Amino acid sequence: MPNPTAIGPTGTPLTAQLAQPSTLAAAGSMNVPRNEAAEMAVLGACVYQSEAIDRLRQILEPGDFYHPAHTTIWHALVELRRQQAPTDPIALGHQLQRTGDLNRIGGSTYLHTLASSAAVGSGAEYYAEIVRQQADLRAMQAMAVRVLQGATSEGADPEEVRTLLNASLQEVTDRSRRSSGGRLQRYALDGWAFVTDTATDNEPIWGAPGKAAWAAGESLMLVGPPGVGKSTIAQQVVLARIGLIAQVLDMPVQEGKKVLYIAADRPSQLARAFSRIIRPVDEKILRQRLVFWSGPLPASLIAEPHLLAELAAEHGADTVVIDSLKDVVGKLTDDEAGLAYNNARQQLLRDDVQLMELHHQRKQGQDASRNQRPILDQVYGSAWFTAGAGSVLFLSGAAGDPIVHLHHLKTVNDEIGPLPITHDHTRGTSRVETHLDPLTLLRQAGTRGLTARQLAEQITGETSPSQADIAKARRRLENLATSGHAAQETGAGGGSGGGQATRWTAAPARHMTVVS
């Protein structure tokens, strides 16, 4: 019986037969799978950035290129990379001149053409996958042609044809395994590296250590009904990310490099809103570090979950803002759509790009209380949207309310708020109402002082605050007492005459004496 993995009917190695375009030509009018534009984009990326070769070698083999000249150029690029040499058109042209291949591939002019076709960022891997897929299809077509030729030749032996078919299938299977090797290894870490190298301290992008509104590597979802200032807050965070302001709602914002703002919902209204807070002196920074995508995305994130990562890489952004989710997802109540979007979200985060998402709440019934504390179930759509988010902030209130409340429904570490917020719609700024600061409220209460329940009522704006809010208010009062800013009068348990709740009063203001 013939060796099933070595030699095909023509006497040449089966692997070589599958890679031969001439094998496919024997099939007559059969369309040969290829995408030369994708091949040019891949090679251009390697010319543009030599480090891309390391990533693309996990996906591509030399024989994956349909155009012979592209195979030659790939070999030259790999050799330059091995030497730690530049891969720009000059260095690449010199290498091809040394091997006598420069004129055969189209000369230096063609190398500059490749450089102008560069796919940068995650786009290089995407186009490499296209090249690999086309090569896989060519290999399968070649296999089918060889088996067909073997089965229809005069005096064909069914056993030999069956052996050829099995060998061909094994070759295709091995090729598929090699093809997936890069994908299966690219993000794999050994146990020690994963535990010790993976960030676990949730470095805050917005907020303070241990009390983050938005943490690196996790998305922030900002939710609320129309007119409560979601975009106003998002705009201020964006300006802080590009270095124009330092804090938003009294919380520091870590400066980034560049923001891509996907203005899918009413871009003209968003432009008017931004015009309130930018100044002519900001023009240079805004041109260099903030880019807007106006209107719908070029494709659905459900169909192309890699699109967010590609857009960020194309524009060199380390932060993406989506305004809003309904305009980039479609059917928000569909769990499959939620899962697909979360896939797109996680691909973006894996590329070290931070993500903020603006979203809407479910419509409230007529009986819903204005003072009711919001919960995650009030976020519109599939539960997978909030399940994959790192932090969920909810703005409660109605359009036109002088004060809205910011609630932290899904926390990174310690909960923030609830915070009473006032928006200055003329200037496009927001502030926390400091008169609702616990110490300020305690001082306003005078000698009467406050109980934990009374403080929770004033901070949340709810007549019946939850036990969690009361416990949080009690911790704040106890911290004020520990720091010497408040005095605590311990209450008494209930009895025939009823009990007395523990009460706190503000300590007298302390003055510093200057000693000369």
Side-chain angles (χ1 to χ4, degrees), residues 8 10 12-48 52-53 55-78 87 89 92 96 101-107 109-149 168-183 298-299 303-304 306-307 310:
T10 63
T12 58
L14 182 62
T15 303
Q17 293 176 25
L18 295 181
Q20 297 280 345
S22 58
T23 304
L24 300 179
S29 60
M30 180 183 293
N31 179 44
V32 180
R34 60 190 182 277
N35 191 322
E36 295 186 48
E39 293 184 8
M40 293 176 67
V42 167
L43 295 174
C46 298
V47 172
Y48 182 83
I53 298 172
R55 305 193 308 271
L56 299 180
R57 289 185 69 183
Q58 300 181 60
I59 302 172
L60 293 173
E61 297 177 356
D64 290 342
F65 294 95
Y66 177 80
H67 199 307
H70 291 167
T71 302
T72 302
I73 294 170
W74 174 256
H75 280 298
L77 286 166
V78 170
T87 56
L92 182 56
L96 290 167
D101 295 314
L102 182 60
N103 291 333
R104 186 169 62 83
I105 60 92
T109 301
Y110 188 63
L111 299 182
H112 286 281
T113 300
L114 287 179
S116 66
S117 303
V120 297
S122 62
E125 284 94 333
Y126 177 70
Y127 291 117
E129 293 289 355
I130 293 177
V131 173
R132 182 73 186 198
Q133 289 166 7
Q134 297 299 300
D136 285 344
L137 290 174
R138 290 199 302 274
M140 293 177 189
Q141 282 193 358
M143 178 197 76
V145 170
R146 285 298 177 188
V147 172
L148 180 62
Q149 288 175 340
S168 301
L169 290 173
Q170 183 61 51
E171 174 65 23
V172 171
T173 301
D174 290 344
R175 177 180 173 80
S176 176
R177 187 177 297 111
R178 294 196 303 272
S179 175
S180 64
R183 293 192 298 271
E304 298 187 25
H306 54 268
L307 184 58
E310 282 194 8

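Keep in mind that the numbers below use all heavy atoms, side chains included, and drop hydrogens, waters and symmetry copies. Note that the structure is predicted; figures quoted are calculated from it, not measured.
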Participant: Mind running side chain to side chain contact (heavy atoms under 4.5 Å, CB included) on Glu61 and Trp74 for me, showing each step along the way?
Facilitator: CA-CA 9 Å; Glu61 297 177 356; Trp74 174 256; over 6 Å; no
Participant: Should Ile105 and Leu111 be marked as a side chain to side chain contact (heavy atoms under 4.5 Å, CB included) after you check the CA-CA gap, both sets of side-chain angles, and the distance that decides it?
Facilitator: CA-CA 9 Å; Ile105 60 92; Leu111 299 182; 3.8 Å; yes
Participant: Donor-acceptor pair, Arg132 side chain versus Leu60 backbone, under 3.5 Å?
Facilitator: no
Participant: Rounded to the nearest 0.5 Å, how far does CG of Leu137 lie from CG of Asn31?
Facilitator: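 That separation rounds to 10.0 Å.
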Participant: Which heavy-atom pair separates Ala76 from Leu92 by the least distance, and what is that distance?
Facilitator: CB-CD1, 3.7 Å
Participant: Sort out for me which residue in Val47, Leu43, Thr87 forms a side-chain contact (heavy atoms from CB on, under 4.5 Å) with Ile53.
Facilitator: Thr87
Participant: Distance from Asn103 atom CG to Leu96 atom CG, nearest 0.5 Å?
Facilitator: 10.0 Å
Participant: Kindly give the heavy-atom pair with the smallest separation between Ile130 and Ala38, and that separation in Å.
Facilitator: CG2-CB, 3.9 Å
Participant: Look only at the side chain of Glu39 and the backbone of Thr71, and say whether a donor-acceptor pair between them is shorter than 3.5 Å.
Facilitator: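 Side chain of Glu39 to backbone of Thr71: no pair is present.
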Participant: Students often mix this up, so state it plainly: with edges at 30° and 60°, are the rings of Phe65 and His70 parallel, tilted or perpendicular?
Facilitator: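 Rings of Phe65 and His70: perpendicular, as their planes differ by over 60°.
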Participant: Could you pull out the closest heavy-atom pair between Leu77 and Cys46, with the gap in Å?
Facilitator: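 What the structure gives for the nearest pair is CD1-CB, 3.7 Å.
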Participant: Give, for atom CD1 of Ile73 and atom CG of Leu102, the distance between the pair rounded to the nearest 0.5 Å.
Facilitator: 9.0 Å
Participant: Closer than 3.5 angstrom, by distance alone: can the side chain of Arg138 be matched with the main-chain N or O of Asp64 as a donor-acceptor pair?
Facilitator: yes
Participant: If you compare all heavy atoms of Leu56 against all heavy atoms of Ala124, which two are closest, and at what distance to 0.1 Å?
Facilitator: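 Reported closest heavy-atom pair: CD2-O, 3.7 Å.
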Participant: Between atom CZ of Arg146 and atom CG of Leu148, what is the distance when rounded to the nearest 0.5 Å?
Facilitator: 11.0 Å
Participant: Are Tyr66 and Gln134 close enough, and set up right, to give a side chain to side chain contact (heavy atoms under 4.5 Å, CB included), and what steps lead you there?
Facilitator: CA-CA 9 Å; Tyr66 177 80; Gln134 297 299 300; over 6 Å; no
Participant: Could you report the tightest heavy-atom contact between Ser117 and Thr113, atom names first, then the distance?
Facilitator: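 Minimum heavy-atom contact is OG-O, 3.1 Å.
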